[in-house]
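All residue numbers refer to positions in the sequence shown, counting from 1. Values below: every heavy atom of this structure, side chains too, minus hydrogens, waters and symmetry copies.
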Amino acid sequence: MARTGNGASPRGASFAELFTPKLITVLREGYGLSDFRADVVAGLTVAIVALPLSMAIAIASGVTPDRGLYTAIVGGFVVSLLGGSRFQVGGPAGAFIVLVALTVERHGVDGVILATMMAGVLLIAAGLLRVGTYVKFIPYPVTVGFTAGIAVIIFASQLRDLFGLTLPGHEPGELLPKLTALWHAAGTFNRWAIALAALAIAVMVGVRRLRPTWPNILIGVVVATVAAWALALPVETIGSRFGGIPETLPAPALPAFSFAKMQAVLPDAIAFALLAAIESLLSAVVADGMTGRRHRSNCELVAQGVANIASPLFGGICVTGLIARTATNVRAGARGPIAGMMHSAFLLLFMLIAAPLASYIPLSALAAVLVIVAWGMAEKQEFWTLLRSSWGDATVLLATFLLTVFRDLTEGILVGFALGAVLFINRMAEATGIEADVPLAASDKADDANGARTRYDPSLATDPDVVVYRITGAFFFGAASTVGAVLDNIADRHKAFVIDFSAVPLLDSTAANAIHRLAAKAQRQGVRLYVTGASRSVRRALLTHGVRPPLAKYRETISRALEDIRQRREASSVVVPLKRSAT
C-alpha cells in the first residue's frame, strides 16, 4: 500500500489528521497581515450579501427575522472556526425553508430549536463515524432534482408577500393547498407591494449585469426600502409584522424538552441532519473546485454538528454550508477560515448598529430577494440536460423533483437515492456481458525467442462439444441471475465448457454461488468445467463458495484449458480401443 509522507497510509490517517480544523492548518502554514486584510475584505463582502438573505430566509421559514441573523452570526462563526474547508461560509439556507416551516407548524419554534440541536448531535456522530466520505456518492440527478424542487417551493412560499396578499387564515404549508388559498385571496393584492418587488428585482438583475462585483441584493433591498419610506407606501414591513429586530444577541438558553418531545421531533432532526450534510459537503466541493484545495469532509460534518448545537442556544435555526455565499467568499479573495469568522463579526456589528433601520424593509422586497435566489438555485440548464441524457437519469431526476415539490424533501432524496442505486445496478448488469463463439486468437503467436510462429488451430473454437464463455465487467448480484441463466443452459448441450474471468474485476458472493450451482449441475451431467483467467480475489471468492476440484479445474488461460481438453479427449480415444482389443 502506498504510504504518505509522514509514514501513515491514506486509509490509516490518524484522528488528528482527519479532524484538525482548517483554521489550524492555515495558521501553521503561515498567516500574515496581508492575509488578514484579504480575509477582512472578503468577510465584509459576504456579510453584505448575507444580511438581507438571512432575514428573508428566516421569515420564509416561519420564524422572526432576527433568528436568521443569530444563525448566521453564531452558526457561521462556528462553521468557519471548526470546519474542514478553508472557505466554507455557514448560515441559514433556502433549502431548509420547507423543513423548518413544516416543523414550526407541527411543533412550534421550540420544536425547531430542539430538532436542530438533535440534528447537530447526529451530524457529529456521522462525522466521527466517517460517513462524510459516502455522502458524496449521492447521484447527480438527485441533487439537481431536490435543488430544483426546493427552488419551486421557495418561489411559491414568497407569492403572498410578493403580491401583498391578505389571507383570512393560516397559509398552508403544502404546495397545492397553498396555491389554492393564494388563488382565492388574489383579489386582495397590493399594487404597491408588487411595484416594490418589481423594483427590487429590476435593480438586483441590473446591478448584477452592469456591476457584477457590487452587492446587488443589498442594493436592491436598500432602493426598495428608501422608496417605500420616502413615498410612505402602504406596504407591510419587518417593523409592522415583527416589531423590528433586537439590537443584541440573546443570552444562551436550553430549549424546553422532554423525551416525548424528542421522539416527536426526531424525524425532523434526521431530515435537518441529512440536508445539512448534503448541502455543506456540496458547498465544500464547489469551493475545492474553485480553489484547487481539498476539504476534510468528516471534520466538516463535525463542525456543522457543533454549529447546529450552538445556533439554537442563541435562538437560531438550522445551519449549513452555503454554496452562493461560499463562492462569493472565494471570489472576494478569502485566504482562509478567518474570512468566514469575519463575516459573522460584521453581521453582529450590523445588527448592533443598524437594527432600527431594518424595521423599514418591505416584506415584498425580501420576497423579491428569495425569488432571485430561487431562480438562481434551480439549475435549469442541468435539469434539461439530464432530461435529455437518458431515461434512467430522467426518471431519477423527475421522481426526486416531484416528490420534493408535492410530498416531502426527505422522501424525495431517499427515493431518488434508491432509484439511483437501482439504476447503477442496472447499468452494471448491462455492462456485464457474455461473449460466445468468439475467435480465441486474433493473430499468430510467437512460440520461441527466434520468432517461429505456429498458426492457431481453429478447430478448438469450432468443436461442437466444447464451448467458451467470456464474462466481462463486474459480476455481482445485479448480473448474477442473467449470466447464470445463460450459463445454465449449456450443461446438457456440451461435453466441456470454459468460463473465462480475465475481464472480471469484481465477483461477489451471489455470483460465486451461481457459479457453484452451475458447476454442481455440470458434474451431474458429466460435463467438465474449466475456470480461466481468474484473478486472486475472484479465485478466492469462487473457492470460498465451493467452486473447487473436482467440480471445476483452474487454468491460467483459455488456450491452456482447451489444450487440456484436447489431450484428455485424445487419451480417452486411445485407451478405449486398447481395452476392446484385449477383450
Side-chain angles (χ1 to χ4, degrees), residues 39-40 42-82 89-93 96 100 104 108-117 120 215 217-218 221-222 225 229 236-257 303-304 306-320 322 325 337-363 365-366 369:
D39 282 340
V40 169
L44 177 61
T45 303
V46 178
I48 291 173
V49 173
L51 179 64
L53 268 177
S54 299
M55 292 188 290
I57 290 171
I59 293 171
S61 300
V63 297
T64 53
D66 55 312
R67 295 188 183 275
L69 293 176
Y70 301 156
T71 306
I73 293 170
V74 178
F77 188 87
V78 173
V79 165
S80 297
L81 176 69
L82 303 177
V89 175
F96 280 94
V100 174
V104 170
V109 175
D110 286 343
V112 172
I113 292 176
L114 180 59
T116 302
M117 297 186 72
I217 292 178
L218 183 63
V221 171
V222 169
T225 302
W229 171 77
E236 197 170 15
T237 64
I238 287 179
S240 63
R241 181 181 292 185
F242 302 105
I245 60 175
E247 299 180 24
T248 58
L249 276 176
L254 287 172
F257 65 91
Q304 297 289 336
V306 176
N308 276 282
I309 293 175
S311 172
L313 286 176
F314 290 87
I317 54 177
C318 305
V319 182
T320 189
L322 306 158
R325 271 163 269 183
I338 290 179
M341 298 164 65
M342 293 305 300
H343 134 270
S344 297
F346 280 119
L347 282 177
L348 177 60
L349 185 63
F350 292 160
M351 189 179 70
L352 295 177
I353 296 175
L357 299 178
S359 300
Y360 297 98
I361 298 177
L363 295 181
L366 291 180
V369 169

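Under the 4.5 Å side-chain criterion, counting only non-hydrogen atoms from C-beta, F346 is not in contact with I48. Using a 4.5 Å heavy-atom cutoff, the side chains of C318 and V100 are in contact. The shortest side-chain heavy-atom distance between I238 and L366 falls under the 4.5 Å cut-off. No side-chain heavy atom of M342 sits under 4.5 Å from any side-chain heavy atom of L44. In this structure, the side chains of T225 and Y360 come closer than 4.5 Å at one or more pairs of heavy atoms. At a threshold of 4.5 Å between non-hydrogen side-chain atoms, the residues T248 and L352 count as touching. Inter-residue side-chain proximity for M117 and L254 is flagged as met; some heavy-atom pair is nearer than 4.5 Å. Within the 4.5 Å cutoff, the side chain of L53 has heavy atoms near those of the R325 side chain.
The backbone N or O of I317 lies less than 3.5 Å from no partner atom in the side chain of T116, so there is not a single donor-acceptor pair. Although no hydrogens or angles enter the test, the distance criterion places no donor-acceptor pair under 3.5 Å between the side chain of S344 and the main chain of V74.
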### Query
Yes or no on side chain to side chain contact (heavy atoms under 4.5 Å, CB included) for R67 and V109, after CA distance, side-chain angles and deciding distance?
CA-CA 10 Å; R67 295 188 183 275; V109 175; 3.6 Å; yes
### Message
Let's go through F314 and I73 carefully: what are the C-alpha distance in whole Å and the side-chain angles of both, what is the deciding distance for side chain to side chain contact (heavy atoms under 4.5 Å, CB included) to 0.1 Å, and is it a yes or a no?
### Response
CA-CA 10 Å; F314 290 87; I73 293 170; over 6 Å; no
### Task
Kindly indicate, with the supporting measurements, whether the criterion side chain to side chain contact (heavy atoms under 4.5 Å, CB included) is fulfilled by L249 and M351.
CA-CA 9 Å; L249 276 176; M351 189 179 70; 4.2 Å; yes
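Of the candidates L348, T45, I338, V89, H343 forms a side chain to side chain contact (heavy atoms under 4.5 Å, CB included) with just one, namely V89.
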